[in-house]
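To find a chain, count down the sequence lines: A is the first, B the second, and so on, and within it residues start at 1. Side chains are part of it too, since the values below use all heavy atoms of this structure and drop only hydrogens, waters and symmetry mates. From a predicted model like this one, the values you see are computed outputs, not experimental measurements.
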Amino acid sequence: GESVGLHLPTLSVQEGDNSIINCAYSNSASDYFIWYKQESGKGPQFIIDIRSNMDKRQGQRVTVLLNKTVKHLSLQIAATQPGDSAVYFCAENNAGNMLTFGGGTRLMVKP
Amino acid sequence: SAVISQKPSRDICQRGTSLTIQCQVDSQVTMMFWYRQQPGQSLTLIATANQGSEATYESGFVIDKFPISRPNLTFSTLTVSNMSPEDSSIYLCSVFRTGNTEAFFGQGTRLTVV
């Protein structure tokens with residue numbers, strides 16, 4: 001069957017390198033932002049989130065940066081592994097816990 | 001985390017027919033959400049399903065095409081009616097646990113209309 005990320009922008013990185021995935025959001029009133037990872041045949045899986053009153057948040061091997069001035073969000077993955085290969089989506093949480101998803105980026109990790 | 005089961009996981013259907021997708025959650029949740037993910041694209045919210053009231057549909061989606069049921073706090077169905085090939089997509093249900101800011105997703109239903 002067709003891959004979820006077939007037509008999405010693709011970022012190709014070497015195993016062990018750092019990855020940076022970018023996202024532009026639209027609603028300046030959104031109060032928090034989330035990054036999701038979607039592997040083929042699966043639903044999106046939560047990675048990390050950040051509230052609008054923060055500009056940086058770190059997790060295990062992942063960091064999210066938020067620039068509200070230009071409405072830009074980025075996900076940094078340190079020491080990228082083959083298991084990180086997936087499609088990554090940013091999402092903004094509007095009122096009522098409804099998520100608006102960004103376009104998505106397909107990450108390919110070369111061994 | 002929340003455990004969400006969707007059925008069927010995939011189906012191939014004839015145009016003009018309807019398919020009902022089921023979503024079962026392992027705990028009670030107030031709101032359940034249905035998303036569509038067209039091939040190679042991101043997720044688009046179809047509607048919010050609340051128990052005891054009619055679903056709230058987003059712009060571009062109507063109840064006649066995507067009727068939704070929410071008979072209790074752990075279950076919902078989405079029907080894709082009078083299907084055409086343009087309805088070929090992955091359909092996903094999603095929930096937030098009470099007090100949690102993280103949305104959980106089912107594994108999706110991959111629908112192909114021929």
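Note that OG of S5(B) and CD of Q24(B) are 7.0 Å apart. Values are rounded to the nearest 0.5 Å. Atom CD1 of I46(B) and atom OG1 of T56(B) lie 13.5 Å apart (nearest 0.5 Å).
Using a 4.5 Å cut-off between heavy atoms, Q6(B) makes no contact with chain A at all.
Looking at T20(B) and T79(B), their side chains do bring a donor and an acceptor atom within 3.5 Å of each other.
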**Asked** Would Q37(B) and Q38(A) satisfy side-chain hydrogen bond (donor to acceptor under 3.5 Å, both in side chains), going step by step from the backbone distance to the final call?
**Response** CA-CA 12 Å; Q37(B) 187 174 27; Q38(A) 187 176 26; 2.9 Å; yes
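Linking Ile, Leu, Val, Met, Phe, Trp and Tyr whenever their side-chain heavy atoms come within less than 4.5 Å puts L92(B) and L99(A) in one cluster.
Of residues 43-53 of chain A, those residues lying under 4.5 Å from chain B by any heavy-atom pair are G43(A), P44(A), F46(A), D49(A), R51(A). Contacts from residues 66-79 of chain A to chain B, taken as heavy-atom pairs separated by less than 4.5 Å, involve no residues at all.
Within the structure, ring pair (Phe, Tyr, Trp, His ring centres under 6.0 Å) contacts touching residues 62-82 of chain B (residues at least two apart or in different chains) are F61(B)-F66(B).
Hydrophobic cluster membership for V62(B): none, as no Ile, Leu, Val, Met, Phe, Trp or Tyr side chain comes under 4.5 Å of it.
Outside the 6.0 Å centre-distance limit, the rings of Y35(B) and Y91(B) are not counted as a close aromatic pair. Residues F104(B) and F96(B) place their aromatic rings such that the two centres sit no closer than 6.0 Å.
Relative ring orientation between F33(A) and Y25(A) is described as tilted, the plane-to-plane angle lying within the 30° to 60° band.
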